[in-house]
Every structure is written in structure tokens, then in C-alpha cells.
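Structure record follows, encoded as C-alpha cells.
For the single chain, residues carry numbers from 1 onward in sequence order. The structure presented is a predicted model; accordingly, all values stated were derived computationally and were not measured.
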Amino acid sequence: MPESNFVDYVKIYCRSGKGGRGSMHLHRAKYQPNGGPDGGDGGRGGNVYLRGSHNYWTLLHLRYERHVFAGHGGNGSKCCSHGSDGEDRYIDVPLGTVAYDAETGKYLCDVTEDGQVVMLLKGGRGGLGNWQFRTATNQTPRYAQPGEPMQEMMVILELKLLADVGLVGFPNAGKSTLLSSLSSARPKIANYPFTTLEPSLGIVPYRDNRSFVMADIPGIIEGASEGKGLGLRFLRHIERNSLLLFMVPGDTENIRKEYDILLGELSRFNPGMLDKHRILAVTKSDLLDDELIEMLHEDLPDDLPVVFISAVTGKGLTELKDLLWEELNSESNKLQAITEGGTIVHRDRESQAFADDFADWEDDTLNEEEIDDLDEYDIEFLEDDEN
């Protein structure tokens with residue numbers, strides 16, 4: 001994990017509560033020799049939920065809370081007394097969090113709205129007491145149900161930032177410079193590759209007090225899908241963007257070739273990202289004269305809008321914001337969002353990819369003290385049985 005407050009993926013061990021046992025008890029009282037069964041039902045085990053919260057913007061608060069346990073259900077008792085229900089546990093996560101099963105890589109759920117609650121693990125049902133099994137032919141049943149067992153799972157939580165526009169480009173393409181010019185964000189800017197090591201968000205103001213959110217991610221290089229550079233780990237943060245802004249420097253030998261390389265890397269990560277609206281921005285255009293710009297237009301792609309900009313001199317920035325706002329509010333873009341239900345299609349992940357991401361994490365096994373704490377509840381049950 002990088003030494004930063006921005007934590008976009010964590011691995012936690014979750015366990016729901018087991019259901020309480022039903023009671024096998026026969027009523028005994030003076031002057032009631034045949035009191036009959038009165039064993040109560042056991043309580044249900046606690047559930048584990050994910051809950052969206054706008055008060056968080058990273059998963060830092062879960063970085064060192066590696067184990068989440070729900071409460072066990074209480075046992076039933078005499079006089080038809082119902083056991084207490086186990087305490088539910090809520091895991092508050094920032095909006096845009098996706099959960100996966102760490103062992104199989106299966107997609108579990110997606111939390112995108114504030115206050116949205118999704119059940120991650122269900123607690124076991126409580127067992128029925130012998131009072132529930134009484135019949136006309138079996139008036140004194142001497143058996144009861146045990147509670148259902150708990151569920152446990154190692155869960156991977158990944159944060160995918162919510163933004164309107166995502167910046168895609170090679171290192172030193174001017175993404176951070178553009179973000180700092182259009183918004184109040186202040187990402188790190190330097191004259192060497194991979195100065196951006198974590199995603200940055202900026203709010204870009206527009207006319208009539210309107211605005212949109214722009215996301216900057218670390219640079220992509222050819223072969224990133226094979227693990228070169230920073231890989232494709234940060235591309236998850238632009239999966240939710242409705243518009244992708246490709247940025248290629250104007251002093252590049254072949255702008256069309258670099259654009260095709262970036263597009264190919266996106267398709268290997270998630271083919272669904274090719275359906276998003278795209279704009280190509282040629283940066284550092286202050287180094288180009290008008291005649292060279294006309295010559296470059298002949299080799300640029302014809303299937304998307306192209307704009308020449310310079311974040312240093314401010315050239316083309318107003319035109320770029322107008323184009324971004326127009327594309328964001330176009331009917332085709334809105335129709336696509338409605339058709340897709342406003343969400344992205346999540347794919348199952350390979351378990352080996354998770355193993356590589358969390359290779360530097362500490363072992364998640366419990367120590368002896370934690371095991372003793374977990375078994376204390378079961379020891380009490382065994383002592384009750386012996387008595």
C-alpha cells in the first residue's frame with residue numbers, strides 16, 4: 001500500500017452471527033403435573049451490511065479494521081422465552097464502493113447512493129423450541145432445533161470514484177496541469193513520469209454557476225494490461241465516468257498511434273468502456289503553429305471531437321469546457337445512462353489478481369487472543385449443556 005491517506009482497496013474478514021438454539025423444556029409448577037412443553041425459540045444471528053455514506057471518500061477507516069463480526073443469537077429458554085437477536089454490523093463505505101469475494105473473485109454488490117444498505121452476509125436463523133413441535137399426538141416433544149451456523153467470507157472492497165469526466169493519457173501528457181488549470185485541485189506536477197500516484201478529483205466551474213467533476217488518474221503506458229508501469233489498477237476510477245477525455249501531447253511523433261494504444265489498453269481492461277463518449281485533446285499546442293495544426297488534423301481520428309489546448313497559456317480551455325459540457329448533456333449520453341441504468345457492468349475478477357494486489361498485506365489470520373475471544377461464546381454453550 002502506498003504511504004498515503006488515499007486507500008482505494010481493502011481486504012476484510014466478515015462473519016455473520018449464528019442462530020441461537022431452541023430450548024427443550026417442560027413446564028414444572030406446583031399443582032400442574034402435566035405442564036407441557038414451553039421451550040422458546042432461539043434468536044437469529046446478526047447480519048453484516050454495507051452502507052453507503054457521503055462522509056467518507058476513501059477506505060482509510062477500514063485499512064486497519066480487518067475483522068467485522070456480527071453478534072450471535074441468544075438461546076431460547078423456558079416459559080416460551082425467545083432468545084435475543086444478534087447485533088447487526090454495518091460497514092460504512094464511500095459512494096462508488098464495489099465488493100468482491102476474495103477467494104473466487106465473484107462480484108457481490110455495488111454501493112452508489114448515500115444511505116444505501118446492502119446485505120453482505122446473512123445471520124443464521126434461530127432454532128425452534130419444543131413448544132413449536134407440540135401436536136395432539138405428541139404433547140410432550142423432547143427435542144428442539146439447533147440454530148443455523150454463521151457465514152464467513154473474505155471480502156475485497158474496491159473504490160471506484162464518481163466523476164463526470166475522466167482523463168486518460170500517457171505519463172507527462174499534461175493531465176495534472178489541466179486539472180489544476182480548470183479547477184482548484186492541486187495535484188503534484190513535475191517534469192518526470194508517474195508524478196501522479198493516486199487519483200485526484202477536481203470540480204470544474206462553468207457558466208451560470210454550473211459545474212462538473214473531473215478525475216485524473218496515473219498515466220498509462222503500452223503494456224499496462226500486462227503489469228507494466230502502474231498497470232491498470234487505477235482504471236477502475238474512470239469506469240463510472242460518462243465521458244472520457246483522451247490527452248496526447250502535441251509534440252508526439254504520431255498522435256493517432258498513441259490514441260490507439262490508449263484505446264487498446266482500455267478495451268483489455270473493460271470492453272464496456274469503449275461505449276462511453278470520448279473527446280481527444282491535443283495538449284501543449286502552444287508549441288505548434290497554425291500550419292502544423294492544420295497538417296495534424298489530417299491524421300487525427302474522425303469518429304470523435306478533437307480540440308487543441310495549452311494549459312500553460314490557456315489556449316483552447318474555454319472551447320474545451322464548452323465541448324465537455326455539450327457532450328455531458330447530449331441526448332445520446334443521457335439515453336445511454338438511462339439504458340445502462342446509471343451503473344456499469346461489473347465483471348468477476350481473477351483470484352490471482354487479488355493475490356498480487358494484496359501481496360504486501362499482512363496475514364489476515366487471527367491471533368490466539370482473538371481466537372479465545374471468539375470461542376468464549378461457544379464455551380458458555382458447552383458449560384450449559386453439561387449442566
Side-chain angles (χ1 to χ4, degrees), residues 1 5-20 41-75 82-126 147-162 236-237 240 341-344 346 349 354 357-358 361-362 364-367 369-371 373-378:
M1 294 292 294
N5 288 334
F6 184 84
V7 178
D8 59 350
Y9 66 100
V10 294
K11 178 170 63 172
I12 58 177
Y13 171 77
C14 299
R15 192 199 68 185
S16 63
K18 58 184 177 183
D41 302 338
R44 68 164 180 85
N47 305 321
V48 178
Y49 297 94
L50 287 182
R51 179 170 59 189
S53 174
H54 66 271
N55 295 323
Y56 296 97
W57 68 283
T58 71
L59 297 170
L60 178 64
H61 61 291
L62 299 175
R63 178 64 176 86
Y64 300 102
E65 186 180 355
R66 308 282 283 278
H67 306 98
V68 177
F69 302 135
H72 295 307
N75 295 332
H82 194 286
S84 59
D85 292 337
E87 180 183 3
D88 296 332
R89 285 298 305 273
Y90 290 86
I91 306 174
D92 289 325
V93 294
L95 307 185
T97 301
V98 183
Y100 296 91
D101 187 336
E103 307 229 345
T104 64
K106 182 180 179 182
Y107 163 75
L108 299 177
C109 62
D110 185 11
V111 180
T112 58
E113 299 178 3
D114 183 45
Q116 178 183 355
V117 177
V118 179
M119 181 183 293
L120 198 60
L121 292 176
K122 185 177 182 179
R125 292 183 300 178
E148 286 187 347
M150 57 193 176
Q151 297 180 2
E152 56 184 356
M153 181 187 302
M154 193 69 74
V155 180
I156 301 290
L157 298 180
E158 286 188 350
L159 175 61
K160 300 183 179 182
L161 295 180
L162 299 173
R236 71 171 74 103
H237 295 295
R240 299 185 187 276
T343 60
I344 59 177
H346 299 281
R349 299 281 301 277
F354 285 140
D357 286 343
F358 293 94
W361 279 54
E362 299 176 359
D364 287 278
T365 55
L366 301 177
N367 55 41
E369 295 181 358
E370 291 174 324
I371 293 176
D373 293 340
L374 294 179
D375 293 341
E376 183 179 349
Y377 181 82
D378 297 331

### Task
Look up atom CD1 in I12 and atom CG in L120, then write down how far apart they are to the nearest 0.5 Å.
7.5 Å
### Partners passing side chain to side chain contact (heavy atoms under 4.5 Å, CB included) against R89 (at least two apart in sequence or in another chain)
E65, V68, A70
## Note on the structure
Interatomic distance, CE@M150 vs CG@L121, rounded to 0.5 Å, equals 11.0 Å
## Note on the structure
Closest non-hydrogen atoms of L159 and W57, given as atom of the first, atom of the second and distance, are CD2-O, 3.3 Å
### Query
Which pairs pass side chain to side chain donor-acceptor pair (under 3.5 Å) with one or both residues in residues 44-53, sequence neighbours excluded?
R44-D88, N47-Y49, R51-D92
### Message
With rounding to the nearest 0.5 angstrom, report the CD1 to CG distance, I156 to L108.
### Response
10.0 Å
### Task
For atom CD of Q116, decide whether the heavy atoms of other residues, nucleotides or ligands shown that lie under 6.0 angstrom number more than 12.
yes
### Task
Using the test side chain to side chain contact (heavy atoms under 4.5 Å, CB included), find all partners of E152 that sit at least two apart in sequence or belong to another chain.
Y13, R15
### Query
Looking at residues at least two apart in the chain, or sitting in another chain, which of them share a side-chain hydrogen bond (donor to acceptor under 3.5 Å, both in side chains) with Q151?
none
### Query
Are any side-chain N or O atoms of E148 and backbone N or O atoms of G124, one a donor and one an acceptor, separated by less than 3.5 Å?
no
### Query
OH of Y100 to CG of L157: how many Å apart, nearest 0.5 Å?
11.0 Å
### Query
Between D101 (side chain) and K106 (backbone), is there a donor-acceptor pair under 3.5 Å?
no
### Query
CG/L62 to OH/Y56 distance, rounded to the nearest 0.5 angstrom?
8.0 Å
### Task
Take T97 and L50 through the test side-chain contact (heavy atoms from CB on, under 4.5 Å) and record every step on the way to the result.
CA-CA 9 Å; T97 301; L50 287 182; 5.5 Å; no
## Note on the structure
Tightest non-hydrogen contact, residues G46 and S16, listed as O-CB, 3.4 Å
### Query
Is any side-chain heavy atom of P94 less than 4.5 Å from a side-chain heavy atom of T58?
no
### Summary
Heavy atoms of C14 and V155 approach each other most closely as SG-CG2, 4.1 Å
### Task
Drop me the distance from N75's CG to D41's CG, to the nearest 0.5 angstrom.
11.5 Å
